[in-house]
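Working notes, beginning with the structure itself.
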Amino acid sequence: MAMRPFVGGNWKMNLDANGATALASAVALGAPACQGAVDIVVFPPFPFLERVARALGDSGVELGAQDLSSEANGARTGEVSAEMLRDVGASWVIVGHSERRQHLGETDARVADKLLMALESGLRCVLCVGESLEQRKANREAEVVGSQVAAALAAIPAAQVHSVVVAYEPIWAIGTGVVATPQDAEAAHGAIREALTSRYDSALARETRVVYGGSLAPGNAKALFARPGVDGGLVGGASLKAPDFLAICSAAAHRLIAH
Ligand code: PGA
């Protein structure tokens with residue numbers, strides 16, 4: 001059975017306050033065309049969360065943050081807690097994005113702590129995994145994503161996994177314009193589901209959404225979403241333009257899965 005697809009817009013460290021409001025309003029306006037058939041979530045920078053929540057209103061588009069602290073509260077200058085995110089209307093959070101793993105020293109252990117904190121606080125999570133170009137050249141992609149999934153979910157009980165979407169984001173495809181082939185994505189999603197099967201069981205692995213991220217665009221989304229086991233996408237650059245983001249949401253909503 002095909003699952004309800006998920007499309008997230010990761011705005012990263014872009015836009016200003018007015019731009020964030022305008023983008024959220026445009027997404028909210030266009031989203032009803034594909035709703036009912038796809039979960040749409042936008043992930044603005046922290047300072048814009050509240051205004052984006054207001055702009056989204058009751059459009060059905062959900063709000064997420066790009067990161068959270070692994071601590072509940074206290075002396076962690078600059079950090080933002082899960083409770084604070086919920087307080088301003090976020091219901092989702094991205095955990096373990098490769099840009100944080102690469103540039104901000106986020107380890108598998110830290111990712112696991114953040115995931116646990118987010119889920120225990122009632123946030124739903126997009127857990128990002130993906131291999132580097134070197135690892136892919138060495139044919140290690142399945143091993144890398146498998147071990148990232150296993151590490152992140154080691155402390156997460158089966159009952160909480162329905163609140164997790166796993167995003168397969170090969171590092172070499174992020175922001176590069178080089179997109180994974182639908183076959184490569186399907187294979188990596190298979191490896192992620194094998195890791196979920198080892199950690200839990202095959203039923204839970206089938207029921208967990210695994211989405212693709214990395215240079216997704218209106219022109220390539222349809223072919224990727226047509227592969228079995230590719231349940232939507234996490235969109236960076238193209239999520240900053242409402243028409244492009246909405247076209248990707250529409251591709252997910254109307255996907256025809258090849259067999
Ligand atoms: P991109 O980013 O679509 O700009 O490649 C995707 C992501 O990092 O989530």
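Counting starts at 1 for both ligands and their atoms, in listed order.
- When hydrophobic clusters are built by joining Ile, Leu, Val, Met, Phe, Trp and Tyr residues whose side-chain heavy atoms come closer than 4.5 Å, directly or via intermediates, Val111 is grouped together with Val93.
- A salt bridge does not link Glu134 to Lys137: none of the charged side-chain nitrogens sits closer than 4.0 Å to a carboxylate oxygen.
- Look at Lys114 and Asp67 and you find a salt bridge, because one of the NZ, NE, NH1 or NH2 atoms lies within 4.0 Å of a carboxylate O, short of that distance.
- Phe245 has its ring centre no less than 6.0 Å from the ring centre of Trp11.
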For ligand 1, output the ligand-protein N/O contacts shorter than 3.5 angstrom; if there are none, return none.
unit_1, atom_1, unit_2, atom_2, d
ligand 1, 2 (O), Lys12, NZ, 3.2
ligand 1, 3 (O), Ser215, N, 3.4
ligand 1, 3 (O), Gly236, N, 2.8
ligand 1, 4 (O), Gly237, N, 2.8
ligand 1, 5 (O), Gly175, N, 2.6
ligand 1, 5 (O), Ser215, N, 2.7
ligand 1, 8 (O), Lys12, NZ, 2.7
ligand 1, 8 (O), His97, NE2, 2.7
ligand 1, 9 (O), His97, NE2, 3.4
ligand 1, 9 (O), Glu169, OE1, 3.3
ligand 1, 9 (O), Glu169, OE2, 2.7

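- Arg101 has no carboxylate O lying under 4.0 Å from a charged side-chain N of Glu106, or vice versa, which leaves the two without a salt bridge.
- Identified under the ring pair (Phe, Tyr, Trp, His ring centres under 6.0 Å) test for residues 175-223, with sequence neighbours left out: Tyr168-His189.
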